[in-house]
There are 2 protein chains.
Amino acid sequence: MSLSPKIKLASVGNINCSTCSLSSLCLPVSLNNDEALRLDDIVEKSKPLHKGDALFRQGDPFTSLFAIRAGSLKTYSINEKGEEQVNGFYFPGELVGLAGIDSGSYPMTAQMLETTTVCEIPYTRLDDLSGQLPELRRQIIRSMGREIRYDQQMMMLLSQKTAEQRVATFLLKLSNRYSMRGYSSHSFRLTMSRNEIGNYLGLAVETVSRTFTRFSSQRFIIADGKELEIINEHELMVAAGESHGPECSSVNIV
Amino acid sequence: MSLSPKIKLASVGNINCSTCSLSSLCLPVSLNNDEALRLDDIVEKSKPLHKGDALFRQGDPFTSLFAIRAGSLKTYSINEKGEEQVNGFYFPGELVGLAGIDSGSYPMTAQMLETTTVCEIPYTRLDDLSGQLPELRRQIIRSMGREIRYDQQMMMLLSQKTAEQRVATFLLKLSNRYSMRGYSSHSFRLTMSRNEIGNYLGLAVETVSRTFTRFSSQRFIIADGKELEIINEHELMVAAGESHGPECSSVNIV
DNA sequence: CGCATGTTTGACGATACTCAATGTGTGTGG
DNA sequence: CCACACACATTGAGTATCGTCAAACATGCG
């Protein structure tokens with residue numbers, strides 16, 4: 001259940017919301033310096049959590065939102081039949097726990113995929129503060145709106161796309177998210193297993209594996225275990241079924 | 001694009017948020033009388049919209065949230081390839097448009113399934129008011145949290161359930177929503193077509209139709225066109241794959 | 001170094017899609 | 001009020017995609 005010996009590192013580690021390199025991706029995005037400092041005041045930085053550790057578990061009382069500082073995690077829920085369902089993967093700057101806001105308890109477990117540090121944002125204090133800072137209030141709303149849109153894109157993927165399209169879409173989206181965080185968009189390390197990818201995409205592990213193999217032999221990607229390189233982004237986009245999107249011979253009307 | 005000749009019916013029709021029969025399902029749920037009156041002040045009731053009419057269209061600038069007063073609608077988006085994807089169905093007391101909050105424009109179209117009236121809630125005014133009424137602010141957040149959880153349940157359905165389980169789950173969920181609104185939970189009229197159901201559930205029309213037929217011949221339901229009767233809820237729950245849920249010989253531990 | 005966990009590959013089969021034809025209802029206009 | 005057209009719904013036949021089962025292989029952790 002949350003971070004048991006809570007350690008406020010802000011004063012020690014010299015990091016706070018207004019100077020954080022992730023502020024442009026995180027809650028402080030539209031806050032001025034003073035507002036960010038007030039937000040920082042209620043935020044508690046965690047010590048590093050390790051692979052497999054849970055940030056919160058399904059059913060735990062809802063107390064906080066968490067912003068990821070470094071690392072990555074997955075969220076999953078357990079259905080009636082005891083099966084695991086991966087709901088999402090989260091990277092630095094992203095907010096975890098929003099789904100618990102209205103229900104009093106977290107509807108899923110958040111579990112580290114690697115060594116990860118997070119910022120804990122106690123919700124009652126955030127709620128108070130958001131009454132005083134309209135920009136913060138709007139930013140919370142925006143974060144939730146974005147989550148809703150992501151989920152709906154995911155529903156589209158699950159209900160309309162083939163296995164191949166799903167995997168291609170997944171890889172391109174990861175690529176995008178990495179690049180937004182300043183990492184290479186064409187070469188990165190998958191922090192999740194094939195099993196977790198398959199579960200997330202609604203596919204059997206074997207199907208994910210076969211699709212990776214196929215994309216490799218088509219020279220769209222180079223997949224060496226968890227290391228992944230995108231060597232033909234264009235073809236991967238075609239495979240994702242988004243060919244009619246951003247290209248068309250480099251002419252972009254609109 | 002929204003409701004062109006906006007007509008404020010509250011004073012005429014003698015309905016307002018504090019007396020609305022849907023207030024327990026809608027934004028006013030946790031507001032006191034005075035607060036509900038202030039909310040009512042910014043809400044504009046629509047004249048009836050007809051089947052096929054659009055409340056807003058994908059790409060329209062985001063201006064308002066809408067609460068359904070009577071009737072029902074579907075939301076859908078058009079993907080890159082021009083295919084329609086039904087995102088959800090909405091019934092009285094439910095809030096439509098939340099997904100547009102952070103993006104400046106509605107990411108989908110909302111289209112009436114039957115004659116429907118809605119309450120329009122201009123977002124800038126709602127935002128202002130939510131700065132003054134903490135309970136309203138929390139209620140908006142709760143509505144969004146609920147939407148996120150619904151979407152995640154939907155993702156679970158799409159990635160893990162068979163056609164039969166999807167259709168059964170869909171019917172039971174409709175049943176629940178109708179019963180929460182004071183309608184019969186075992187006998188109701190489907191306001192959407194088989195095509196729309198299939199699209200929503202990620203199934204071909206034919207599969208939906210076949211599943212209806214199978215459930216009928218198994219005497220779980222009686223389906224006569226759009227009229228639907230659930231005559232064996234228990235078996236339908238089993239078919240939905242939720243058998244280990246609320247029953248177990250009527251003993252409910254926890 | 002060894003066991004456990006994760007990954008790949010193959011063979012087979014089932015579920016659900018596509019195509020096609022027929023049946024049913026709804027709304028429109030004569 | 002009826003007839004017609006159109007959209008919707010149902011049913012059947014054939015097939016493809018993806019899941020299941022199984023086994024070999026790789027990886028990584030203790």
Side-chain angles (χ1 to χ4, degrees), chain A residues 50-53 74 81 83-86 111-115 157-171 189-218 221-228 239 241, chain B residues 50-53 74 81 83-86 111-115 157-171 189-218 221-228 239 241:
Chain A
H50 300 99
K51 181 172 177 171
D53 290 353
K74 67 169 173 177
K81 292 188 287 292
E83 295 156 355
E84 180 175 321
Q85 159 71 23
V86 175
Q111 189 178 40
M112 308 306 138
L113 295 171
E114 60 186 320
T115 302
L157 177 143
L158 291 170
S159 71
Q160 296 195 331
K161 297 202 172 192
T162 64
E164 193 159 285
Q165 291 173 325
R166 292 182 204 191
V167 174
T169 303
F170 176 74
L171 293 178
R189 181 167 229 285
L190 300 170
T191 56
M192 68 293 290
S193 71
R194 302 284 193 273
N195 219 315
E196 287 160 340
I197 295 173
N199 186 308
Y200 177 60
L201 296 177
L203 301 171
V205 206
E206 295 93 330
T207 305
V208 175
S209 182
R210 276 185 251 270
T211 308
F212 271 68
T213 305
R214 194 159 348 114
F215 284 160
S216 292
S217 61
Q218 288 171 306
I221 63 172
I222 297 173
D224 175 24
K226 304 231 175 218
E227 287 300 329
L228 194 109
Chain B
H50 300 101
K51 181 171 178 174
D53 290 352
K74 67 169 172 177
K81 292 189 287 293
E83 295 155 356
E84 179 174 322
Q85 160 71 23
V86 175
Q111 189 177 40
M112 307 306 137
L113 295 171
E114 60 185 319
T115 302
L157 176 142
L158 290 171
S159 71
Q160 297 194 329
K161 297 202 173 193
T162 65
E164 192 159 286
Q165 290 173 327
R166 291 182 203 192
V167 174
T169 303
F170 175 74
L171 294 177
R189 186 175 173 75
L190 301 170
T191 57
M192 68 294 289
S193 70
R194 302 284 194 273
N195 220 315
E196 288 160 340
I197 295 172
N199 186 308
Y200 177 61
L201 296 177
L203 300 171
V205 205
E206 295 93 329
T207 305
V208 175
S209 183
R210 277 185 250 271
T211 308
F212 271 68
T213 305
R214 194 160 345 116
F215 285 160
S216 291
S217 61
Q218 288 172 307
I221 63 172
I222 297 174
D224 175 23
K226 305 232 174 217
E227 286 300 329
L228 195 109

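Quick caveat, the model's predicted, so the values are computed rather than measured. Per chain, numbering begins at 1; letters A, B, ... match sequence-line order.
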- Query: When you measure from every atom of DNA chain D, which of residues 203-215 of chain B have a heavy atom less than 4.0 Å away?
  - Reply: B:E206, B:S209, B:R210, B:T213
- Item | With A:E206 via salt bridge (charged side-chain N to carboxylate O under 4.0 Å, His left out) - residues at least two apart | none
- Whole-Å distance between C:dA16 C1' and A:K161 NZ? 20 Å
- Query: Quick one: does A:V167's side chain get under 4.5 Å of A:L203's, heavy atoms only?
  - Reply: yes
- Message: If I take atom CG in residue A:D224 and atom P in nucleotide C:dG6, what distance separates them, rounded to the nearest angstrom?
- Response: 18 Å
- Less than 4.5 Å apart, any side-chain heavy atom of B:R166 and any of B:V208? no
- Query: What's the CG-P distance between B:N199 and C:dC17, to the nearest Å?
  - Reply: 12 Å
- Query: Whole-Å distance between C:dC17 C1' and A:Q160 CD?
  - Reply: 14 Å
- Scan A:K226 against the nucleic acid and name what it touches under 4.0 Å (heavy atoms): base, sugar-phosphate only, or nothing. sugar-phosphate
- Message: Could you work out, with side chain to side chain contact (heavy atoms under 4.5 Å, CB included) as the rule, every residue matching A:E84, not counting sequence neighbours?
- Response: A:K74, A:Y76, A:I78, A:V86, A:N199
- Note on the structure: note: B:L201, atom CG; C:dC17, atom C1'; distance rounded to Å ~ 15 Å
- Give a yes or no on whether a salt bridge exists between B:E114 and B:K51, defined as a side-chain N under 4.0 angstrom from a carboxylate O. no
- Test log, rule side-chain contact (heavy atoms from CB on, under 4.5 Å), inputs B:T169 and B:K161: CA-CA 9 Å; B:T169 303; B:K161 297 202 173 193; 3.2 Å; yes
- In whole angstrom, give the distance that lies between atom CG of B:N195 and atom P of C:dT18. 12 Å
- Task: Report yes if the side chains of B:L113 and B:E196 come closer than 4.5 Å at any heavy-atom pair, otherwise no.
- Result: yes
- Query: Of all nucleotides in DNA chain D with an atom under 4.0 Å from a non-hydrogen atom of chain B, which is the first and which the last going 5' to 3'?
  - Reply: D:dA9 to D:dA13
- Axis-to-axis angle for the helix from C:dC1-D:dG30 to C:dG30-D:dC1, ends of five pairs each, to 10°, equals 50°
- Query: How would you label the contact of B:G202 with the nucleic acid (heavy atoms, under 4.0 Å): base, sugar-phosphate, or nothing?
  - Reply: sugar-phosphate
- With a 4.5 Å limit on heavy-atom distance, are the side chains of B:Y200 and B:M192 in contact? no
- Task: Kindly determine whether A:H50 and A:M112 satisfy side-chain contact (heavy atoms from CB on, under 4.5 Å), including the steps that lead there.
- Result: CA-CA 6 Å; A:H50 300 99; A:M112 308 306 138; over 6 Å; no
- Whole-Å gap separating P (C:dT7) and CD (A:E227): 13 Å
- Query: Within this structure, what is the CD-to-P distance between B:E164 and C:dC17, rounded to whole angstrom?
  - Reply: 13 Å
- Task: State which residues pass side chain to side chain contact (heavy atoms under 4.5 Å, CB included) with B:A223; sequence neighbours excluded, sorted by chain then number.
- Result: B:F212, B:S216, B:I221, B:L228
- Spacing of B:T207 atom OG1 and B:I197 atom CD1 [to the nearest 0.5 Å]: 12.5 Å
